[in-house]
Number of protein chains: 2
Amino acid sequence: LRSAHPDHWMRAAAIRTLAMDAVQAANSGHPGMPMGMADVATVLFEKHLKFDASAPDWADRDRFILSAGHGSMLLYALLHLTGYASMTLEQIRNFRQWGSVTAGHPENFLAKGIETTTGPLGQGLANAVGFAIAEESLRAQFGPKIVDHRTWVIAGDGCLMEGISHEAIGLAGMQKLSKLIVLWDNNNISIDGKISLSDVTDQRARFAAAGWRVLSCNGHDPADIDRALTEAKTSDRPVFVDCKTHIGFGSPKKQDTAGAHGSPLGPDEIEVTKEIYGWPHPAFEIPATIREAWAAIGARGGKARAEWGARVAELSGAKRAEFERRMSGEAPKKLAATIRALKKQNAEAQPKVATRKASEMVLEVVNPVMPETIGGSADLTGSNNTKTGDLGVFDPENRKGRYIHFGIREHGMAGAMNGMALHGGIRPYGGTFLCFTDYARGAMRLSALMGVPAVYVMTHDSIGLGEDGPTHQPVEHLAICRATPNTLTFRPADLIETAEAWELALTSDKTPSVLALSRQNLPTVRTKHATKNLSAQGAYILREAEAKRRVILLATGSEVEIALAARDILEAEDIGTRVVSMPCMELFAAQPDGYRKRVLPGGPVRVAVEAAVRQPWDRWLLGERGREAKSGFVGMDSFGASAPAGRLYEEFGITADAVAEKVRSLL
Amino acid sequence: LRSAHPDHWMRAAAIRTLAMDAVQAANSGHPGMPMGMADVATVLFEKHLKFDASAPDWADRDRFILSAGHGSMLLYALLHLTGYASMTLEQIRNFRQWGSVTAGHPENFLAKGIETTTGPLGQGLANAVGFAIAEESLRAQFGPKIVDHRTWVIAGDGCLMEGISHEAIGLAGMQKLSKLIVLWDNNNISIDGKISLSDVTDQRARFAAAGWRVLSCNGHDPADIDRALTEAKTSDRPVFVDCKTHIGFGSPKKQDTAGAHGSPLGPDEIEVTKEIYGWPHPAFEIPATIREAWAAIGARGGKARAEWGARVAELSGAKRAEFERRMSGEAPKKLAATIRALKKQNAEAQPKVATRKASEMVLEVVNPVMPETIGGSADLTGSNNTKTGDLGVFDPENRKGRYIHFGIREHGMAGAMNGMALHGGIRPYGGTFLCFTDYARGAMRLSALMGVPAVYVMTHDSIGLGEDGPTHQPVEHLAICRATPNTLTFRPADLIETAEAWELALTSDKTPSVLALSRQNLPTVRTKHATKNLSAQGAYILREAEAKRRVILLATGSEVEIALAARDILEAEDIGTRVVSMPCMELFAAQPDGYRKRVLPGGPVRVAVEAAVRQPWDRWLLGERGREAKSGFVGMDSFGASAPAGRLYEEFGITADAVAEKVRSLL
């Protein structure tokens, strides 16, 4: 192969040697995958990927997703060689070191050209489905002159073994995402050894069964790779390309072994391998001719980008402004007024609806003014109330539709939402039961880590779900969401707070939101209209004490009603009681100390009520001027049970009487 | 079909009408699935399932797993009709009500005959893989005269769309679990509507690709069902039977619609449907002839059970006692002495090893004395240190092997562990990185809810993981595990505490354990041997203050070393400092108040140090006689980063100096 394609060989060798050298310098990392996939990646970047290294934010670029994120040096080498400004040789030398952009796994927030954060296996593949959906949707909305690009993925055996891959490829197959092309690094090796130790799946047959087109190539023969990628671009379905490769390609002792996977090769083995490559250069050194060849590849897309720019310039001013707004992620100006109007109207109407229904009512007015929303549910559309009248269903026949039946695929849904948001131009939201955040956790954590403002519409948020029982009743999930950095967990008490939560979620720039919503009907508790978004402060005084203030009750969501009823009981006994609604702990924690002190002064008895575990409440009950002897919690300390909701609240002791009694015991 | 098989028809109608009536009475539930699968279930129980309703604990019974748990009334009707003592008609009438055993979804801890808790989709299928592994393992160990049974699963489209199904069937296919038979309720309907709204997967091709044998039948024709199930029992691989069914079978208005899925049919529709069935009986009434036919089915296995009993009686006394011990879940007597000896030896040797390595050292002595352990890892064997020398690899060629290469399948692994434990006779443990509890959460929660003492060996438990970066560094996961009811989260500080944690995990009866273990080496901090298991108290005084006690430092795992170093600094400044090691908050919380007060008296400054989020610590810092003004936390409040571990601890300020400085600021 070297003699048949000498120039290609050297270009690929540049990737391979950078990967070997960087992993060796860090004494940590995964050289085998970049060495194995260097040929495929070289052909992809040289002949197929639409990109311009000088313009990494070009909206119509092809997206390249390294789902097998442990092979990060493959991506860093490509970005460096093609000339992405931030990926300097210095960064490559500092692979996996503090302050470098060359993290152990690719982090999208560190450097341009890294489209998404990968490493947790299968996530990139699921993200890619979202990228491809976003492209289809935007193409339908703005036309193929403005939006017309592909999503390319490199996935390894690990990605394909993870359950999320099943959800992702099923969704892609049903959606006929023909511009999604997955290149499988079929090297037959995982960390434990040969794949056959744990798997005998016929991946080609499996993808075909999911509705994909399946192609194959010799992953080291550039002509054969080129043939397969060329053919892949003609498909009317998503394409799976089985690239047969050798992990650690060229290393006499490590090729085709797990030893090439996650450890440096060692200086001696690197030396021998470089000899085999015909690469006499010192570590990190790339000869000028090879540098130039790669630079030309990096500049290859300049012409296409200029032509695209000209087409964008031909758009009407309004359409262009809208495209640019969409890609910037900025919310439309109308949103604030729309939310305000809804709040005003309902502060008067005071509907008694479940907050999941309230969420639907918000979306009914928001979706028409925010064409960037794409909503969906993991097969709980009628329960999550995520579908509004104007959306239409996104499917192969209707790419203008904005509602996705994600199927029973919570993890795949969340991964696709991440991809849509990262693509730009789309604000995704998706629903399931709060309890099933468990199934989506892997991707929800990545929303937070990546700074993706996805919105998780998590209904049936407590034992209030009732008869479905403890498997479906969250008790620890609010704590889980609140423990996760960079995540806003909203638990609104009524339609007004739900509207405020949606406004905050949809204007969030770098933070995902979880909306925990009730199954059961709740009264409107915010009966006095406030133009201001009070939920933005995280917690606020909902009802002030009438008698001398001796008690502060804190509550969220469906338990605010209970706190208010407890207040009535206590005030009737002349025990002055303030009720604080706390729809978002994270936002309250971010308030100035003065505000927090106004809401939670020291002195009064404090009781929090939430139908969930206490863990996140200790801070507000015992800290923030609270005292152990004068604070209490009414909530859950076990799993729930199967029974009607009202009965469960009684049996688990989450009632106004129980709150009042707890207060009396502390006074 | 009714005229061709009149007796079968009526037996199946008994299931159907009980399901319709119970859901109607509860005004909540899922009638369509039991109505659709009644024929398959009837044939299965009548002709194939090995069981004896009078002996639900018979060790060699076939296991029947209703993975599509929302169809719980199918299972309850079967258990009632065949005569399981606890499944009375009264219980059926109280479907989904407080205190009944007939929860919305089947809960294994409520009634005999419910082998596992299902409802979260796909879990039952993954459990079933574990059941089948347990059977193979025990058959290899005790011989087919004692252990020789099948695992039957009913799975729906939801189970098959979930990612966990991919992991489960891949593992089963590779393992050639020929006694695992999955019956697919192929009704083409999910909650949102037709399956084609979200999926076009060819399930038959997909299972074949995973190494399964694939059969089909008309799911309403008893002769055809019998043919398929008969054939299924002859396979040398796991079997997938495509049972073509109609959801809500027989209901004129609801059959084949999503309307039959999750709502009562309504009294009028029930009446018409019963007419079609030829069922003139009032709600919940079963004619005596049909009752008798079902009772005979329930008693059918009595002879086989008696024969099995005779075979068990023929075993040697020792072998029989061992089989009975194994099935009871009781730990061997030798375990305690083995752990004590290891502790004693290492309190002297004082090795400096990572706790993941310490865990391996514990397992090296435990596995030989506990033949019931089956260990494994989700493709991180060399990192999780889960494989010991004596185990051998469990695979189709070696059923006596006790180590499973689970593949890159965290969720499937955890689901299979649940199944193995529920089967009885096996104590499963499995490993991955702590961060990837995210991928296994769905099944880990069910371990806790079901009361399954699985052991999760979660290594690389903090930023101490180093270069792999924030995607692999847990910060919120200790909080997540601790927020989950009925879960013991251990974070041992050295080999001694690791041994104690293992002892507690392996003797736990109804509670799963998570062992959070370090990647990095740690010194032995428990240098004085104690026969007693100090970790059983959850927290204890590791070092008392020398100077007058003004400070208590609390720490876990790798941060205990830091707390001890901080103590040295403070004592050198004559600031008396106690160090409390807190390997398990849940066990400490369960101690009598007097003990907790001895460990954490009011008065001294308290600082906790843990390389994770603070949420679970507020209780111990602010509560338990703590005070806000005199307490502090040194840990993480963001995601980590990619760099060597030492650098990360410096940069994130988790050092002895930082702890000492925090203390000084509070004195």
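Every chain is numbered from 1, with letters handed out A, B, ... down the list of sequences.
With a 4.5 angstrom heavy-atom cutoff, Ser190(A) touches chain B via backbone and side-chain atoms both. Residue Glu650(A): no heavy atom, backbone or side chain, is found under 4.5 Å from chain B. For Ser196(B), the part sitting under 4.5 Å from any heavy atom of chain A is the backbone (N, CA, C, O) and nothing else. Looking at Ala641(A), the atoms closer than 4.5 Å to chain B (heavy atoms on both sides) all sit in the side chain, from C-beta outward. With a threshold of 4.5 angstrom between heavy atoms, Glu107(A) approaches chain B through side-chain atoms but not through N, CA, C or O. Interface remark: Ala448(B) contributes backbone and side-chain atoms alike to the contact with chain A (heavy atom separation under 4.5 Å). Residue Phe639(A) touches chain B through both its backbone and its side chain, counting heavy-atom pairs closer than 4.5 Å. His411(B) touches chain A through its side chain: at least one heavy atom from C-beta onward sits under 4.5 Å away, while N, CA, C and O do not. Contact annotation for Thr118(A): only backbone heavy atoms (N, CA, C, O) come within less than 4.5 Å of a heavy atom of chain B. Residue contact with chain A, scored on non-hydrogen atoms closer than 4.5 Å, is absent for Arg627(B). Within the 4.5 angstrom heavy-atom criterion, atoms from both the backbone and the side chain of Val475(A) approach chain B. Both the backbone and the side chain of Asp468(A) come within less than 4.5 Å of a heavy atom of chain B. At a 4.5 Å heavy-atom cutoff, the contact between Ser638(B) and chain A is made by backbone atoms alone. Heavy atoms of Gln175(B) lying under 4.5 Å from chain A are absent altogether. Contacts between Leu446(B) and chain A at a heavy-atom distance below 4.5 Å involve the side chain alone, from C-beta outward. Of the two parts of Ser28(B), only the side chain, counted from C-beta on, holds a non-hydrogen atom closer than 4.5 Å to a non-hydrogen atom of chain A.
Chosen from Leu449(A), Val200(A), Ile404(A), the residue pairing most often with chain B at heavy-atom distances under 4.5 Å is Leu449(A). The residue among Gly442(B), Gly469(B), Ala205(B) with the most heavy atom pairs within less than 4.5 Å of chain A is Gly442(B). Among the candidates Ser377(A), Ala209(A), Gly104(A), the residue making the largest number of heavy-atom pairs closer than 4.5 Å to chain B is Ala209(A). Looking only at heavy-atom pairs under 4.5 Å with chain B, the residue among His30(A), Met174(A), Arg625(A) that has the most is Met174(A). Heavy-atom pairs under 4.5 Å with chain B peak, among Gly163(A), Pro485(A), Ala643(A), at Pro485(A). For the set His472(B), Lys387(B), Gln123(B), Glu410(B), the count of heavy-atom pairs under 4.5 angstrom toward chain A peaks at His472(B). Between chain A and the residues Val613(B), Asp199(B), Leu648(B), Thr117(B), the most heavy-atom pairs under 4.5 angstrom are made by Asp199(B). Between chain B and the residues Asn94(A), Asp202(A), Leu197(A), the most heavy-atom pairs under 4.5 angstrom are made by Leu197(A).
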- Item | Test side-chain contact (heavy atoms from CB on, under 4.5 Å) applied to Glu167(A) and Glu162(B), step by step | CA-CA 6 Å; Glu167(A) 303 185 17; Glu162(B) 289 287 3; 3.6 Å; yes

- Test log, rule salt bridge (charged side-chain N to carboxylate O under 4.0 Å, His left out), inputs Arg619(A) and Glu628(B): CA-CA 9 Å; Arg619(A) 174 172 182 179; Glu628(B) 188 173 29; over 6 Å; no

- Task: Start with the C-alpha distance between Trp98(B) and Phe652(A), add both sets of side-chain angles, then the distance that settles ring-ring contact (aromatic ring centres under 6.0 Å, His included), and finish with yes or no.
- Result: CA-CA 11 Å; Trp98(B) 180 262; Phe652(A) 286 105; 5.8 Å; yes

- Message: Between Gln97(A) and Arg647(B), is the side-chain contact (heavy atoms from CB on, under 4.5 Å) condition met? List the steps.
- Response: CA-CA 9 Å; Gln97(A) 304 308 306; Arg647(B) 182 71 184 267; over 6 Å; no

- Hey, mind stepping through Ile480(A) and Arg441(B) against side-chain contact (heavy atoms from CB on, under 4.5 Å) and telling me if it holds? CA-CA 11 Å; Ile480(A) 289 173; Arg441(B) 260 294 298 171; 3.5 Å; yes

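Between atom CD of residue Glu624(A) and atom CG of residue Leu622(B) there is a gap of 9.5 Å, rounded to the nearest 0.5 Å. The OG1 atom of Thr471(B) lies 11.5 Å from the NE2 atom of His70(A); values are rounded to the nearest 0.5 Å. With values rounded to the nearest 0.5 angstrom, Asn486(A) atom CG is found 11.5 Å from Asp637(B) atom CG. The structure places OG of Ser642(B) at 8.5 Å from CG of Leu110(A), a figure rounded to the nearest 0.5 Å. If you take CD1 on Ile408(A) and CD1 on Ile191(B), they are separated by 7.0 Å, rounding to the nearest 0.5 Å. Leu380(A) CG to Asp192(B) CG: the interatomic distance, rounded to the nearest 0.5 Å, is 7.0 Å.
In this structure, the side chains of Glu467(B) and Phe95(A) stay at 4.5 Å or more apart for every pair of heavy atoms. Residues Met161(A) and Leu171(B) form no side-chain contact, since every pair of their non-hydrogen atoms from C-beta on lies 4.5 Å or further apart. Counting only heavy atoms from C-beta outward, the side chains of Ser198(A) and Asp379(B) never approach each other to under 4.5 Å.
Here the closest heavy-atom approach between residue Thr201(A) and residue Gly170(B) is recorded as OG1-CA, 4.4 Å. Among all heavy-atom pairs drawn from Arg445(B) and Pro470(A), the shortest one is NH1-O, 3.0 Å. Of all heavy-atom pairs spanning Ala483(B) and Gln615(A), the tightest one is N-OE1, 3.5 Å.
Listed by chain and residue number, Leu434(B), Cys435(B), His477(B) satisfy the side chain to side chain contact (heavy atoms under 4.5 Å, CB included) test with Pro474(B) (two or more places apart in sequence, or in another chain). Qualifying side chain to side chain contact (heavy atoms under 4.5 Å, CB included) partners for Ser165(A), counting only residues two or more places apart in sequence or in other chains: Leu125(A), Arg206(A), His166(B).
Of the possible polar contacts, one joining the Tyr439(B) side chain to the Leu121(A) backbone as a donor-acceptor pair under 3.5 Å is found.
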